[in-house]
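Reviewing the structure listed below.
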2 protein chains.
Amino acid sequence: MLTVSELSKATQVTPDAIRHYVSIGLLTPSRSPDNGYKLFGDGDIRKVKFIRRAKGLGFTLRDIQTIFDNSHDGLSPCPAVRDIIQQRINENRSKLAELNSLQQRMDDALEKWQSMPDGEPDGEAICHLIESLI
Amino acid sequence: MLTVSELSKATQVTPDAIRHYVSIGLLTPSRSPDNGYKLFGDGDIRKVKFIRRAKGLGFTLRDIQTIFDNSHDGLSPCPAVRDIIQQRINENRSKLAELNSLQQRMDDALEKWQSMPDGEPDGEAICHLIESLI
DNA sequence: GTAAACCCTAGGTGTTACACACAGGTCAAT
DNA sequence: ATTGACCTGTGTGTAACACCTAGGGTTTAC
(Lines give C-alpha, C1' and ligand atoms only; values in the text may rest on other atoms or scores of the structure.)
Protein backbone atom coordinates (compact mmCIF):
# COMPACT_ATOMS: atom_id res chain seq x y z
CA MET A 1 0.00 0.00 0.00
CA LEU A 2 1.30 3.39 -1.06
CA THR A 3 0.88 6.80 0.49
CA VAL A 4 0.28 9.90 -1.61
CA SER A 5 3.95 10.76 -1.76
CA GLU A 6 4.94 7.21 -2.64
CA LEU A 7 2.39 7.10 -5.46
CA SER A 8 3.65 10.50 -6.51
CA LYS A 9 7.20 9.21 -6.81
CA ALA A 10 6.14 6.02 -8.52
CA THR A 11 4.26 7.93 -11.20
CA GLN A 12 6.11 11.24 -11.44
CA VAL A 13 2.88 13.07 -10.73
CA THR A 14 2.71 15.75 -8.04
CA PRO A 15 0.99 14.98 -4.73
CA ASP A 16 -1.35 17.89 -5.38
CA ALA A 17 -2.45 16.37 -8.66
CA ILE A 18 -3.02 13.01 -7.00
CA ARG A 19 -5.09 14.61 -4.25
CA HIS A 20 -7.02 16.39 -6.97
CA TYR A 21 -7.76 13.11 -8.73
CA VAL A 22 -8.98 11.70 -5.42
CA SER A 23 -11.14 14.74 -4.75
CA ILE A 24 -12.98 14.37 -8.06
CA GLY A 25 -13.33 10.62 -7.70
CA LEU A 26 -10.82 9.39 -10.28
CA LEU A 27 -8.94 7.56 -7.55
CA THR A 28 -10.56 6.00 -4.48
CA PRO A 29 -7.89 5.10 -1.96
CA SER A 30 -8.63 3.31 1.28
CA ARG A 31 -7.66 4.94 4.53
CA SER A 32 -5.12 3.90 7.07
CA PRO A 33 -6.89 3.04 10.31
CA ASP A 34 -3.85 4.37 12.17
CA ASN A 35 -3.60 7.88 10.83
CA GLY A 36 -6.28 8.39 8.20
CA TYR A 37 -3.71 8.64 5.41
CA LYS A 38 -4.83 7.74 1.91
CA LEU A 39 -3.60 4.29 0.90
CA PHE A 40 -3.27 3.28 -2.75
CA GLY A 41 -2.82 -0.14 -4.29
CA ASP A 42 -0.65 -1.20 -7.19
CA GLY A 43 -3.59 -0.81 -9.57
CA ASP A 44 -3.57 2.89 -8.80
CA ILE A 45 -0.13 3.26 -10.33
CA ARG A 46 -1.55 1.92 -13.61
CA LYS A 47 -4.58 4.13 -13.17
CA VAL A 48 -2.53 7.29 -12.75
CA LYS A 49 -0.41 6.40 -15.74
CA PHE A 50 -3.57 5.83 -17.71
CA ILE A 51 -4.86 9.25 -16.66
CA ARG A 52 -1.66 10.87 -17.82
CA ARG A 53 -1.67 9.11 -21.17
CA ALA A 54 -5.29 9.99 -21.77
CA LYS A 55 -4.70 13.60 -20.78
CA GLY A 56 -1.80 13.72 -23.19
CA LEU A 57 -4.21 12.63 -25.91
CA GLY A 58 -6.56 15.51 -25.21
CA PHE A 59 -9.07 13.83 -22.93
CA THR A 60 -10.34 15.90 -20.03
CA LEU A 61 -10.48 14.50 -16.53
CA ARG A 62 -14.24 14.32 -16.89
CA ASP A 63 -13.80 12.29 -20.08
CA ILE A 64 -11.53 9.95 -18.19
CA GLN A 65 -14.08 9.64 -15.42
CA THR A 66 -16.63 8.60 -18.06
CA ILE A 67 -14.25 5.98 -19.37
CA PHE A 68 -13.68 4.62 -15.87
CA ASP A 69 -17.42 4.56 -15.21
CA ASN A 70 -18.13 2.62 -18.40
CA SER A 71 -15.31 0.24 -17.67
CA HIS A 72 -16.57 -0.23 -14.16
CA ASP A 73 -20.08 -1.02 -15.38
CA GLY A 74 -18.72 -3.81 -17.54
CA LEU A 75 -19.25 -1.85 -20.74
CA SER A 76 -16.59 -1.42 -23.38
CA PRO A 77 -15.42 2.17 -23.19
CA CYS A 78 -14.06 2.02 -26.73
CA PRO A 79 -17.01 3.49 -28.64
CA ALA A 80 -17.22 6.36 -26.16
CA VAL A 81 -13.49 6.87 -26.46
CA ARG A 82 -13.74 7.24 -30.23
CA ASP A 83 -16.66 9.65 -29.90
CA ILE A 84 -14.95 11.76 -27.30
CA ILE A 85 -11.70 12.10 -29.17
CA GLN A 86 -13.57 13.06 -32.30
CA GLN A 87 -15.17 15.88 -30.32
CA ARG A 88 -11.85 16.99 -28.87
CA ILE A 89 -10.37 16.93 -32.35
CA ASN A 90 -13.10 19.23 -33.60
CA GLU A 91 -12.68 21.55 -30.65
CA ASN A 92 -8.96 21.62 -31.14
CA ARG A 93 -9.35 22.53 -34.80
CA SER A 94 -11.49 25.51 -33.83
CA LYS A 95 -9.01 26.55 -31.20
CA LEU A 96 -6.16 26.29 -33.65
CA ALA A 97 -8.02 28.38 -36.19
CA GLU A 98 -8.70 31.03 -33.56
CA LEU A 99 -5.13 31.12 -32.34
CA ASN A 100 -3.77 31.26 -35.86
CA SER A 101 -5.92 34.24 -36.70
CA LEU A 102 -4.98 35.87 -33.39
CA GLN A 103 -1.34 35.30 -34.24
CA GLN A 104 -1.88 37.01 -37.56
CA ARG A 105 -3.53 40.02 -35.92
CA MET A 106 -0.82 40.30 -33.30
CA ASP A 107 1.99 40.06 -35.81
CA ASP A 108 0.35 42.64 -38.03
CA ALA A 109 -0.21 45.00 -35.13
CA LEU A 110 3.32 44.75 -33.79
CA GLU A 111 4.82 45.29 -37.21
CA LYS A 112 2.70 48.36 -37.77
CA TRP A 113 3.55 49.70 -34.31
CA GLN A 114 7.31 49.35 -34.74
CA SER A 115 7.37 52.40 -36.96
CA MET A 116 4.87 54.47 -34.99
CA PRO A 117 5.97 57.03 -32.39
CA ASP A 118 4.77 56.88 -28.80
CA GLY A 119 1.87 59.13 -27.90
CA GLU A 120 1.15 60.83 -24.61
CA PRO A 121 -2.28 60.45 -23.08
CA ASP A 122 -4.35 63.35 -24.36
CA GLY A 123 -7.75 62.75 -22.84
CA GLU A 124 -8.97 61.62 -26.24
CA ALA A 125 -7.27 58.40 -27.09
CA ILE A 126 -6.28 55.81 -24.52
CA CYS A 127 -3.56 54.27 -26.63
CA HIS A 128 -3.26 55.51 -30.18
CA LEU A 129 -1.39 52.35 -31.17
CA ILE A 130 -4.34 50.15 -30.36
CA GLU A 131 -6.86 52.68 -31.52
CA SER A 132 -5.04 53.05 -34.83
CA LEU A 133 -6.37 49.65 -35.80
CA ILE A 134 -9.97 49.85 -36.84
CA MET B 1 -25.83 58.62 -18.11
CA LEU B 2 -26.23 54.98 -19.07
CA THR B 3 -27.30 51.97 -17.05
CA VAL B 4 -25.61 48.61 -17.40
CA SER B 5 -28.12 47.40 -19.96
CA GLU B 6 -27.92 50.62 -21.97
CA LEU B 7 -24.14 50.42 -22.07
CA SER B 8 -24.53 46.79 -23.00
CA LYS B 9 -26.67 47.66 -25.99
CA ALA B 10 -24.47 50.55 -27.03
CA THR B 11 -21.41 48.33 -27.12
CA GLN B 12 -22.80 44.88 -27.92
CA VAL B 13 -21.18 43.54 -24.78
CA THR B 14 -23.19 41.46 -22.31
CA PRO B 15 -24.30 42.99 -19.01
CA ASP B 16 -22.41 40.24 -17.19
CA ALA B 17 -19.19 41.17 -18.92
CA ILE B 18 -19.72 44.83 -18.08
CA ARG B 19 -20.36 43.98 -14.44
CA HIS B 20 -17.23 41.89 -14.53
CA TYR B 21 -15.20 44.83 -15.85
CA VAL B 22 -16.60 46.95 -13.04
CA SER B 23 -15.80 44.31 -10.45
CA ILE B 24 -12.13 44.19 -11.45
CA GLY B 25 -11.85 47.96 -11.71
CA LEU B 26 -11.67 48.46 -15.46
CA LEU B 27 -14.80 50.60 -15.32
CA THR B 28 -15.73 52.84 -12.39
CA PRO B 29 -19.32 53.95 -12.77
CA SER B 30 -21.01 56.35 -10.42
CA ARG B 31 -24.15 55.29 -8.60
CA SER B 32 -27.66 56.55 -8.92
CA PRO B 33 -28.71 58.12 -5.62
CA ASP B 34 -32.25 56.88 -6.34
CA ASN B 35 -31.71 53.18 -6.70
CA GLY B 36 -27.99 52.46 -6.44
CA TYR B 37 -27.79 51.51 -10.12
CA LYS B 38 -24.44 51.83 -11.82
CA LEU B 39 -24.29 54.90 -14.06
CA PHE B 40 -21.83 55.17 -16.95
CA GLY B 41 -20.79 58.18 -18.99
CA ASP B 42 -20.15 58.45 -22.71
CA GLY B 43 -16.44 57.87 -22.15
CA ASP B 44 -17.29 54.41 -20.92
CA ILE B 45 -18.62 53.45 -24.33
CA ARG B 46 -15.20 54.27 -25.79
CA LYS B 47 -13.55 52.46 -22.91
CA VAL B 48 -15.55 49.27 -23.45
CA LYS B 49 -14.83 49.38 -27.16
CA PHE B 50 -11.16 49.82 -26.36
CA ILE B 51 -11.28 46.82 -24.04
CA ARG B 52 -12.81 44.71 -26.77
CA ARG B 53 -10.30 45.77 -29.39
CA ALA B 54 -7.41 45.12 -27.05
CA LYS B 55 -8.82 41.74 -26.05
CA GLY B 56 -9.18 40.91 -29.73
CA LEU B 57 -5.48 41.63 -30.08
CA GLY B 58 -4.56 39.17 -27.37
CA PHE B 59 -4.26 41.51 -24.40
CA THR B 60 -5.57 40.16 -21.11
CA LEU B 61 -7.86 42.22 -18.91
CA ARG B 62 -4.96 42.66 -16.54
CA ASP B 63 -2.84 43.98 -19.42
CA ILE B 64 -5.59 46.42 -20.22
CA GLN B 65 -5.74 47.51 -16.61
CA THR B 66 -2.01 48.23 -16.79
CA ILE B 67 -2.53 50.31 -19.91
CA PHE B 68 -5.30 52.28 -18.23
CA ASP B 69 -3.14 52.82 -15.16
CA ASN B 70 -0.23 54.15 -17.22
CA SER B 71 -2.52 56.34 -19.21
CA HIS B 72 -4.11 57.63 -16.05
CA ASP B 73 -0.72 58.48 -14.55
CA GLY B 74 0.08 60.66 -17.57
CA LEU B 75 2.56 58.15 -18.95
CA SER B 76 2.55 56.95 -22.53
CA PRO B 77 1.32 53.37 -22.48
CA CYS B 78 2.87 52.72 -25.88
CA PRO B 79 6.18 51.14 -24.81
CA ALA B 80 4.36 48.86 -22.38
CA VAL B 81 1.90 47.98 -25.12
CA ARG B 82 4.69 46.88 -27.43
CA ASP B 83 6.33 44.84 -24.64
CA ILE B 84 3.12 43.16 -23.64
CA ILE B 85 2.12 42.16 -27.13
CA GLN B 86 5.57 40.74 -27.75
CA GLN B 87 5.07 38.53 -24.69
CA ARG B 88 1.62 37.46 -25.81
CA ILE B 89 3.02 36.66 -29.24
CA ASN B 90 5.62 34.40 -27.67
CA GLU B 91 3.04 32.71 -25.48
CA ASN B 92 0.77 32.21 -28.42
CA ARG B 93 3.52 30.60 -30.43
CA SER B 94 4.10 28.08 -27.64
CA LYS B 95 0.40 27.39 -27.36
CA LEU B 96 0.15 26.89 -31.11
CA ALA B 97 3.05 24.48 -31.07
CA GLU B 98 1.45 22.51 -28.25
CA LEU B 99 -1.93 22.38 -29.89
CA ASN B 100 -0.43 21.36 -33.22
CA SER B 101 1.40 18.46 -31.66
CA LEU B 102 -1.72 17.50 -29.72
CA GLN B 103 -3.65 17.56 -32.98
CA GLN B 104 -1.09 15.25 -34.50
CA ARG B 105 -1.34 12.81 -31.60
CA MET B 106 -5.14 12.86 -31.67
CA ASP B 107 -5.32 12.34 -35.41
CA ASP B 108 -2.84 9.49 -35.24
CA ALA B 109 -4.70 7.84 -32.38
CA LEU B 110 -8.11 8.08 -34.02
CA GLU B 111 -6.81 6.73 -37.27
CA LYS B 112 -5.20 3.80 -35.55
CA TRP B 113 -8.35 3.15 -33.54
CA GLN B 114 -10.66 3.08 -36.54
CA SER B 115 -9.42 -0.33 -37.47
CA MET B 116 -9.23 -1.75 -33.96
CA PRO B 117 -12.06 -3.80 -32.44
CA ASP B 118 -13.74 -2.82 -29.20
CA GLY B 119 -12.53 -4.59 -26.12
CA GLU B 120 -14.48 -5.52 -23.04
CA PRO B 121 -13.12 -4.57 -19.63
CA ASP B 122 -11.04 -7.48 -18.47
CA GLY B 123 -9.66 -6.29 -15.17
CA GLU B 124 -6.31 -5.81 -16.83
CA ALA B 125 -6.58 -2.97 -19.26
CA ILE B 126 -8.85 -0.01 -18.71
CA CYS B 127 -9.14 0.86 -22.37
CA HIS B 128 -6.96 -1.09 -24.73
CA LEU B 129 -7.30 1.62 -27.37
CA ILE B 130 -5.59 4.17 -25.19
CA GLU B 131 -3.22 1.67 -23.68
CA SER B 132 -2.21 0.50 -27.13
CA LEU B 133 -0.29 3.74 -27.52
CA ILE B 134 2.94 3.64 -25.61
C1' DG C 1 -55.95 49.36 -9.70
C1' DT C 2 -53.44 45.65 -10.33
C1' DA C 3 -51.03 42.04 -12.25
C1' DA C 4 -47.85 40.48 -15.66
C1' DA C 5 -43.71 41.34 -17.77
C1' DC C 6 -39.56 43.12 -17.57
C1' DC C 7 -35.83 45.95 -15.71
C1' DC C 8 -32.22 46.38 -12.14
C1' DT C 9 -29.12 44.99 -8.01
C1' DA C 10 -25.57 42.11 -5.24
C1' DG C 11 -23.67 37.91 -4.40
C1' DG C 12 -22.64 33.15 -5.07
C1' DT C 13 -21.49 29.18 -8.03
C1' DG C 14 -19.45 26.80 -12.02
C1' DT C 15 -16.00 26.33 -15.64
C1' DT C 16 -10.15 23.44 -16.03
C1' DA C 17 -6.55 21.24 -13.62
C1' DC C 18 -4.23 21.83 -10.60
C1' DA C 19 -0.45 25.10 -7.47
C1' DC C 20 0.20 27.16 -3.32
C1' DA C 21 -0.43 28.33 1.43
C1' DC C 22 -1.93 27.27 6.17
C1' DA C 23 -2.51 25.08 10.57
C1' DG C 24 -1.86 21.17 12.70
C1' DG C 25 -0.98 15.94 13.21
C1' DT C 26 2.66 12.09 12.36
C1' DC C 27 7.00 9.79 11.95
C1' DA C 28 12.04 8.42 12.12
C1' DA C 29 16.16 9.69 13.97
C1' DT C 30 18.93 11.83 17.31
C1' DA D 1 12.35 15.02 23.90
C1' DT D 2 13.11 17.50 20.10
C1' DT D 3 14.03 18.39 15.38
C1' DG D 4 12.98 18.16 10.68
C1' DA D 5 10.62 15.99 7.14
C1' DC D 6 6.28 14.42 5.74
C1' DC D 7 1.46 13.88 6.12
C1' DT D 8 -3.60 15.61 6.51
C1' DG D 9 -7.80 18.50 5.08
C1' DT D 10 -9.36 22.89 3.68
C1' DG D 11 -9.37 27.13 1.40
C1' DT D 12 -7.75 30.31 -2.13
C1' DG D 13 -6.14 31.69 -6.72
C1' DT D 14 -5.85 31.18 -11.71
C1' DA D 15 -9.21 33.89 -16.89
C1' DA D 16 -13.14 35.79 -18.20
C1' DC D 17 -17.05 35.62 -17.77
C1' DA D 18 -22.13 32.81 -17.76
C1' DC D 19 -25.73 31.48 -15.07
C1' DC D 20 -28.69 31.43 -11.14
C1' DT D 21 -30.96 33.18 -7.01
C1' DA D 22 -33.43 36.37 -4.23
C1' DG D 23 -35.00 40.62 -3.89
C1' DG D 24 -36.77 45.10 -5.39
C1' DG D 25 -38.36 48.61 -8.93
C1' DT D 26 -40.87 50.05 -13.04
C1' DT D 27 -43.60 50.00 -16.90
C1' DT D 28 -47.36 48.49 -19.55
C1' DA D 29 -51.74 46.32 -20.54
C1' DC D 30 -56.23 45.54 -19.24
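What you see below is based on every heavy atom in this structure, not just the backbone, and it leaves out hydrogens, waters and symmetry mates. Lettering of chains follows the sequences in order, A, B, ..., and the numbering in each one begins at 1.
- Side chains of B:Arg62 and B:Thr66: no donor on one and acceptor on the other come within 3.5 Å.
- Contact annotation: A:Lys55 reaches the phosphate of C:dC18 (side-chain N/O to OP1 or OP2, under 4.0 Å).
- Between B:Arg52 and the phosphate of D:dA16, there is no side-chain N or O to OP1/OP2 separation shorter than 4.0 Å.
- Residue B:Arg88 is classed as having no contact, given no heavy-atom separation below 4.0 Å to the nucleic acid.
- For C:dC27, one of the phosphate oxygens OP1 or OP2 lies less than 4.0 angstrom from a side-chain nitrogen or oxygen of A:Asn35.
- Among D:dT8, D:dA16, C:dA17, the nucleotide with an atom closest to any side-chain atom of A:Lys38 is D:dT8.
- Under the 4.5 Å side-chain heavy-atom criterion for grouping Ile, Leu, Val, Met, Phe, Trp and Tyr, B:Leu7 is not connected to B:Leu39 through any hydrophobic cluster.
- Nearest to the side chain of B:Tyr37, among C:dC27, D:dT8, C:dT9, sits C:dT9.
- Ion pairing between a basic and an acidic side chain is recognised when a charged N comes within 4.0 Å of a carboxylate O; B:Glu6 and B:Lys9 show no such pairing.
- D:dA5 atom P lies 18 Å from atom CD of A:Glu6, rounded to whole Å.
- Here the CD1 atom belonging to A:Ile18 is positioned 13.0 Å from the NZ atom belonging to A:Lys47, to the nearest 0.5 angstrom.
- Between the CG atom of A:Leu61 and the P atom of C:dA17 there is a distance of 4 Å, rounded to whole Å.
- Taking a 6.0 Å sphere around CD of B:Glu111, one finds it holds 12 or fewer heavy atoms contributed by other residues, nucleotides or ligands.
- The stretch residues 13-33 of chain A comes close to DNA chain C through A:Thr14, A:Asp16, A:Ala17, A:His20, A:Tyr21, each having a heavy atom under 4.0 Å from the strand.
- At a threshold of 4.5 Å between non-hydrogen side-chain atoms, the residues A:Val22 and A:Val4 do not count as touching.
- In this structure, B:Gln65 atom CD and D:dT14 atom P are separated by 14 Å, rounded to whole Å.
- If you take CG of B:Leu102 and P of C:dA17, they are 12 Å apart, rounded to a whole angstrom.
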